[in-house]
Amino acid sequence: MPEPFYFPIHSGLLSPEHREQIGAAIWEFIWFISKTTKEFQEGDERLGIVLGGKPIKHAEIAIDLGVSESTVKNHVNRLKKYKYIETKRAPYGEIYYVKNSKKFKPKRQARNGLSLNERKVKNDLSETRDRQNFTERQTKNGLCNKDIKDH
């Protein structure tokens, strides 16, 4: 088993509705969340790609969780039925997507919802200026504070 690590799980899963729908498949769902490597927006829904889109066999999940392949298959079908995950068939397994993935924080937008370019246009801002790199600047005698060492 790989090195353990922390990852976020949204507290909305703790509702009675989700408990009823997910049931014992919670372990497979948590496995999918932990293996989510990237998220993207599709319509008004966020999808998380599991293991970068690598096809995964039920046996791989079963080994990681210490259960039988048939148990994993039943639980995956339950997660599909209640639309917690989506899958695409592939020659060597299935590609899994976690629906409404919330593992990664989405990039923050301004409060008014405008992008940087939209704000520049709206507020008539000029282009950002190139700034000098002052760490490369030398003093007149050729020394700078970086060159002076305590003896």
Heavy-atom donor-acceptor pair, Arg78 side chain to Ile22 backbone, under 3.5 Å: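 Judged by distance alone, yes, a pair lies under 3.5 Å.
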Just how far is it from atom [atom1] of [X] to atom [atom2] of [Y], taken to the nearest 0.5 Å?
X     : Y     : atom1 : atom2 : answer
Asp44 : Arg46 : CG    : CZ    : 12.5 Å
Asn77 : Ile85 : CG    : CD1   : 8.5 Å
Tyr96 : Leu51 : OH    : CG    : 11.0 Å
Ile30 : Leu13 : CD1   : CG    : 8.0 Å

Residue pairs fulfilling salt bridge (charged side-chain N to carboxylate O under 4.0 Å, His left out) with at least one residue in residues 49-61, sequence neighbours excluded: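 Residue pairs passing salt bridge (charged side-chain N to carboxylate O under 4.0 Å, His left out), neighbours aside: Lys54-Glu60.
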By side chain to side chain donor-acceptor pair (under 3.5 Å) - contacts of Glu20 (at least two apart):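 With neighbours one apart ignored, the set is empty.
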Residues forming a side chain to side chain donor-acceptor pair (under 3.5 Å) with Trp31, sequence neighbours excluded: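 Here the qualifying residues are Asp64.
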State, to 0.1 Å, how close [X] and [Y] come at their nearest heavy-atom pair, and which atoms those are.
X     : Y     : result
Val50 : Val98 : CG2-CG2, 3.9 Å
Glu28 : Leu79 : CB-CD1, 4.1 Å
Phe32 : Val76 : CZ-CG2, 4.0 Å

Ring pair (Phe, Tyr, Trp, His ring centres under 6.0 Å): pairs with one or both residues in residues 54-83, sequence neighbours excluded: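 Residue pairs passing ring pair (Phe, Tyr, Trp, His ring centres under 6.0 Å), neighbours aside: none found.
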Members besides Phe40 in its Ile/Leu/Val/Met/Phe/Trp/Tyr cluster (side-chain heavy atoms under 4.5 Å):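 In the cluster with Phe40 are Leu47, Ile49, Ile95, Tyr97.
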For Lys99, all residues meeting salt bridge (charged side-chain N to carboxylate O under 4.0 Å, His left out), sequence neighbours excluded: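 Lys99 satisfies salt bridge (charged side-chain N to carboxylate O under 4.0 Å, His left out) with Glu45, Glu86 once adjacent residues are dropped.
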